[in-house]
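Whatever order the structure lists ligands and atoms in, that order sets their numbers, starting from 1. Just the heavy atoms: all of them, side chains too, but no hydrogens, waters or symmetry mates, feed the values below. None of these values were measured; they are calculated from a predicted model.
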Amino acid sequence: MNILVTGGAGFIGGNFVHYMINNHPSDTIIVLDKLTYAGNLETLESVMSQITFIKGDIADRKAVYQVFEDYSPDIVVNFAAESHVDRSIENPEVFLTTNILGTQVLLDACRIYGITRYHQVSTDEVYGDLPLDRPDLFFTEQTPIHTSSPYSASKASADLLVQAYYRTYGLPVTISRCSNNYGPYHFPEKLIPLMIANALNDKPLPVYGEGKNIRDWLYVEDHCKAIDLIIHKGNVGEVYNIGGHNERANIDIVKTILSLLGKPQSLITYVTDRKGHDLRYAIDPTKIHNELGWLPETTFDVGIRITVDWYLNNRSWWERIISGEYQDYYEKMYGNR
Ligand code: NAD
Ligand code: DAU
């Protein structure tokens, strides 16, 4: 199988490339990635000789069609996206270009050149949020789309396009909507890696609002396993929710990280809340469990230790990121908060 992985130099895409090389060594992996601020070839360094890497933009029709001409992918897994909610609040436009138009270009290429499966890596954020005082409520695949941020609106738009290409053109598509991931190679602008990096540098840990917002955390390798199952055994035209019933308030995550690193709780700093901040995400993964037998394998206690150890042992990976242009971003986003 030739598998085109878009966004393979990012956090989840990079983990997926490593996962596929380890678990499906006879497949050919082609990575197409624009290498935005979030893309990092160091993530793929150890497997570079086993993949084909192409630097390119999924919204660049000519470049994408050329990839299909040259490599005839059987399966396309689209991770490529602008993925950070805070950045989408500052500057929505690139989110629309990459997440919506980029998806459309990929779908057109699949239609013209033919594939056996197009898989869209989507997010639970398309469902909006749940109230904090209703722990009995969960997102199912039937939950209406109801987005909050420009990021989630762009991801929801892409999902609708994917479903339109299934219904209109019969393109063999699947969509997965996963909860918050954590693990190695996570860009240090997102909650868990940011807090680990700041704690290790004895910098304040900026918690939005009161830190009571809840996210449903999944170890990234469990997400990769779920996508592997969906692209091989999932039913065409279907949406699969992915999540592991591991809900935690942000403040509890931050306290856990501090205690694992032996750093003082006094580093916690409450800052102005995110605009339109979603309260709670919680996935009901019954469908993927019943249909495909998927269950998460890494508990949070184990996963967070592996993750903290990874950041301790791979300082050069994240220190290079936070010493570059990321510093301007950090000052802009957190300077006056
Ligand atoms: P990321 O920001 O770490 O990586 C995104 C990758 O896409 C980067 O390598 C970047 O260079 C590349 N990219 C961006 N624009 C591109 C373009 N126009 N053309 C080609 N490549 C481009 O993101 P992530 O956290 O790994 O998320 C991957 C996917 O999973 C996204 O679609 C995101 O919406 C979805 N998702 C993420 C999470 C999470 O917790 N991180 C949870 C559920 C779903
Ligand atoms: O649910 C899936 C989504 O998870 C993905 O679709 C997104 O791509 C991914 O970025 C993530 O979105 P979140 O907004 O939930 O993740 P983030 O790490 O940005 O924030 C997690 C929570 O922590 C959220 O409630 C905001 C809060 N937070 C975040 C940052 C960066 C803070 O309190 N302080 C911070 O500095």
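The shortest contact between atom 31 (C) of ligand 1 and any protein heavy atom is with Phe79 O, 3.3 Å. Nearest non-hydrogen protein atom to atom 4 (O) of ligand 1 is Gly10 CA, 3.4 Å. Nearest non-hydrogen protein atom to atom 29 (C) of ligand 2 is Tyr208 CE1, 3.6 Å. The closest protein non-hydrogen atom to atom 39 (C) of ligand 1 is Ile12 CD1, 3.7 Å. Annotation: atom 9 (C) of ligand 2 to nearest protein heavy atom, Ser83 O, 4.0 Å. Of all protein heavy atoms, the one lying nearest to atom 23 (O) of ligand 1 is Ser83 OG, 3.2 Å.
For the pair Gly14 and ligand 1, no heavy-atom separation below 4.0 Å is found. For Thr6, the heavy-atom gap to ligand 1 stays at 4.0 angstrom or more. Under the 4.0 angstrom criterion for non-hydrogen atoms, Tyr182 is not in contact with ligand 1. The closest approach between any non-hydrogen atom of Gly8 and ligand 1 is not below 4.0 Å. Residue-ligand proximity: Phe187 is placed with every non-hydrogen atom at 4.0 Å or more from ligand 1.
For a threshold of 3.5 Å applied to N or O pairs, the pair formed by Glu82 and ligand 1 contains no separation below that value. Ligand 1 has no nitrogen or oxygen under 3.5 angstrom from a nitrogen or oxygen of Asn180. Looking at Ile58 next to ligand 1, an N or O pair under 3.5 Å apart turns up. When only interatomic distances are considered, the shortest N/O to N/O separation between Asp86 and ligand 2 does not fall below 3.5 Å.
For Asn250, every heavy-atom contact with ligand 2 shorter than 4.0 Å involves the side chain, none the backbone.
For Tyr37 and Phe187, the distance between ring centers is under 6.0 angstrom.
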